Protein chains: 2
Amino acid sequence: MGIIQRKEREKEEMRRLILDAALRLFRERGYDGVSLRNIAEAIEYSPGTIYLYYKDKSEIFFALQYEAAAVKRDYLLPVADIADPWERLVEFGRRYVDFGMKHPDLYDLLFITRAPMEYIENQECWKLGMATHSFFQETVQACVDQRYFKSTDTETIAYTLWCHAHGLVSLFVRERMRMYPEEHREELARKSFNMIVKMAESL
Amino acid sequence: MGIIQRKEREKEEMRRLILDAALRLFRERGYDGVSLRNIAEAIEYSPGTIYLYYKDKSEIFFALQYEAAAVKRDYLLPVADIADPWERLVEFGRRYVDFGMKHPDLYDLLFITRAPMEYIENQECWKLGMATHSFFQETVQACVDQRYFKSTDTETIAYTLWCHAHGLVSLFVRERMRMYPEEHREELARKSFNMIVKMAESL
DNA sequence: CTTGACAAATGAACAGTGTTCATTATCTTT
DNA sequence: AAAGATAATGAACACTGTTCATTTGTCAAG
């Protein structure tokens, strides 16, 4: 009975079609700048069809947010193999920033866009994000355990580093670096990352 | 000839009425969550009337953004009197964060909300923001001149500190701290601020 | 093959949006 | 009081997210 499987596959392909078009449009014009009719037109279907696959516009957003979280996890996953906690931490940070710079639209989806956050916490996306955050915090804890820092306040250390990385990326993503010439921005970001690493070494 | 003055005053009062209502509504439901009809209804005028005072919705936004920049400047202005550059810098940071925490809606307007940034640069708001940023950078420069830091890369130091402060505030403002219990968030932010100050001391 | 049943896609319709503008009402000046 | 200027209106336009009766397409049974 391969029929229902084929149907399921076709449904999945349709979802992909919708998500790909939606992401491309969101990326270009932002969530609010894109209408469902735009998405429908892009995939050459009628507006009503989309509602057969996603119950409303926000669910498309959540689906994309989940995918963004998955991409981010895959981006960060390899650092788990690094044995030394300090090296693991630095590489984690470097990849976090790198992810944000290379996928500003996904980063925006995950950490900046206003979403009904109360509803999100029950979702898979939240679990994924929490897992990553726990891994980060555990890495900091490992550094603390091995006396890499003078301070032993793991939570504050982790949070402080996150603040810097998030600030770095989100100023970039939301175009608040216009006082720096375009071609210097990336270099400045890299320098700043190296600086916070140096600062953390003597923390 | 008090008439045209009174007219001008009335026009100004009308603008105030619109901006106050708009800010209140934006604060509650966000820029996209508020319609011009909502604003019109709130001030008990017809939708068309608003267009006699602001040419479109985004101009209301820009007016509010300018006011936010002014509030922020007034918030930060007093630190100019602090003679010691290091103390001045720390107090500047403290007030910057404080402003963001106390006026999340204004901070959002200034540093997070997606706005047609290309158009903004010619506006008064941009000048105001640039002046503040220059003051910040000059303070860092003063610290560098007096050998408060080992590093002499003023630009990167200033940017790094800004990244942290902005990350701190924007994670708070956009509700990405839900993994920390509500009642601990402010304390964590304060601890993190103190930590970055300590880190900067040995920079 | 044809038929009947089910699923998928449609597009008109509803209530909302930002914005414009001819019309109406109000106030100022003669 | 009449004429002129200014302010306010609300209907209208093209858009939005969303729903749903209707049409179209697919596939198994007779």
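So that the names make sense, note that chain A is the first sequence line, chain B the second, and so on, each numbered from 1. Every value quoted in this text rests on a predicted model; they were computed, and no experiment measured them.
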Separation of atom CD in B:Glu41 from atom P in D:dT9, rounded to whole Å: 13 Å

Pair A:Ser58, A:Asp56: side-chain N/O donor-acceptor within cut-off below 3.5 Å: yes

Contacts of type salt bridge (Lys or Arg N to Asp or Glu O under 4.0 Å), residue B:Glu13, not counting sequence neighbours: B:Arg9

Nearest-angstrom distance from the residue atom CD1 of B:Ile50 to P of C:dT19: 10 Å

Heavy-atom side-chain proximity of A:Phe92 to A:Thr139 below 4.5 angstrom: no

d(OH, B:Tyr45; P, D:dT9) in whole Å: 7 Å

Stem list, DNA chain D (Watson-Crick or G-U pairing under 3.5 Å, at least 3 consecutive pairs): C:1-27 with D:4-30

Whole angstrom value for the distance that separates C1' of C:dG18 from CG of B:Leu25: 16 Å

Polar atom pairs between nucleotides 23-26 of chain C and protein, under 3.5 Å, N or O only, would you list them?
none

Sub-4.0 Å heavy-atom contacts from residues 11-23 of chain B onto DNA chain D, ordered by number: none

Nearest-Å distance for atom pair CD/C1', residues B:Glu10 and D:dA8: 13 Å

Contact check, side chains of B:Asp108 and B:Tyr31, non-hydrogen atoms, under 4.5 Å: no

Between P of D:dT6 and CG of B:Leu52, the distance in whole Å: 13 Å

Heavy-atom side-chain proximity of B:Tyr45 to B:Leu17 below 4.5 angstrom: yes

Tell me which donor-acceptor pairs under 3.5 Å the side chains of residues 161-170 of chain B have, and how far apart each pair is, sequence neighbours excluded?
{"from": "B:Trp162", "atom 1": "NE1", "to": "B:Tyr96", "atom 2": "OH", "distance (Å)": "3.0"}
{"from": "B:His164", "atom 1": "NE2", "to": "B:Ser192", "atom 2": "OG", "distance (Å)": "2.9"}
{"from": "B:His166", "atom 1": "ND1", "to": "B:Tyr107", "atom 2": "OH", "distance (Å)": "2.7"}
{"from": "B:His166", "atom 1": "NE2", "to": "A:Ser170", "atom 2": "OG", "distance (Å)": "3.1"}
{"from": "B:Ser170", "atom 1": "OG", "to": "A:His166", "atom 2": "NE2", "distance (Å)": "3.1"}
{"from": "B:Ser170", "atom 1": "OG", "to": "B:His166", "atom 2": "O", "distance (Å)": "2.8"}

Close side-chain approach of A:Leu36 and A:Ile60, heavy atoms under 4.5 Å: yes

Phosphate OP1/OP2 of D:dA7: any B:Tyr53 side-chain N/O under 4.0 Å: no

Nucleic acid footprint by protein, nucleotides 11-22 of chain D - heavy-atom cut-off 4.0 Å, B for base, S for sugar-phosphate alone: -B---BBBB---

Donor on one side chain, acceptor on other, B:Asp153 and B:Tyr159, under 3.5 Å: no

Sidechain-backbone polar pair: B:Arg95 side chain, B:Leu76 backbone, donor-acceptor under 3.5 Å: no

B:Tyr54 six-ring centre to B:Arg15 NZ/CZ under 6.0 Å and within 45° of normal: yes

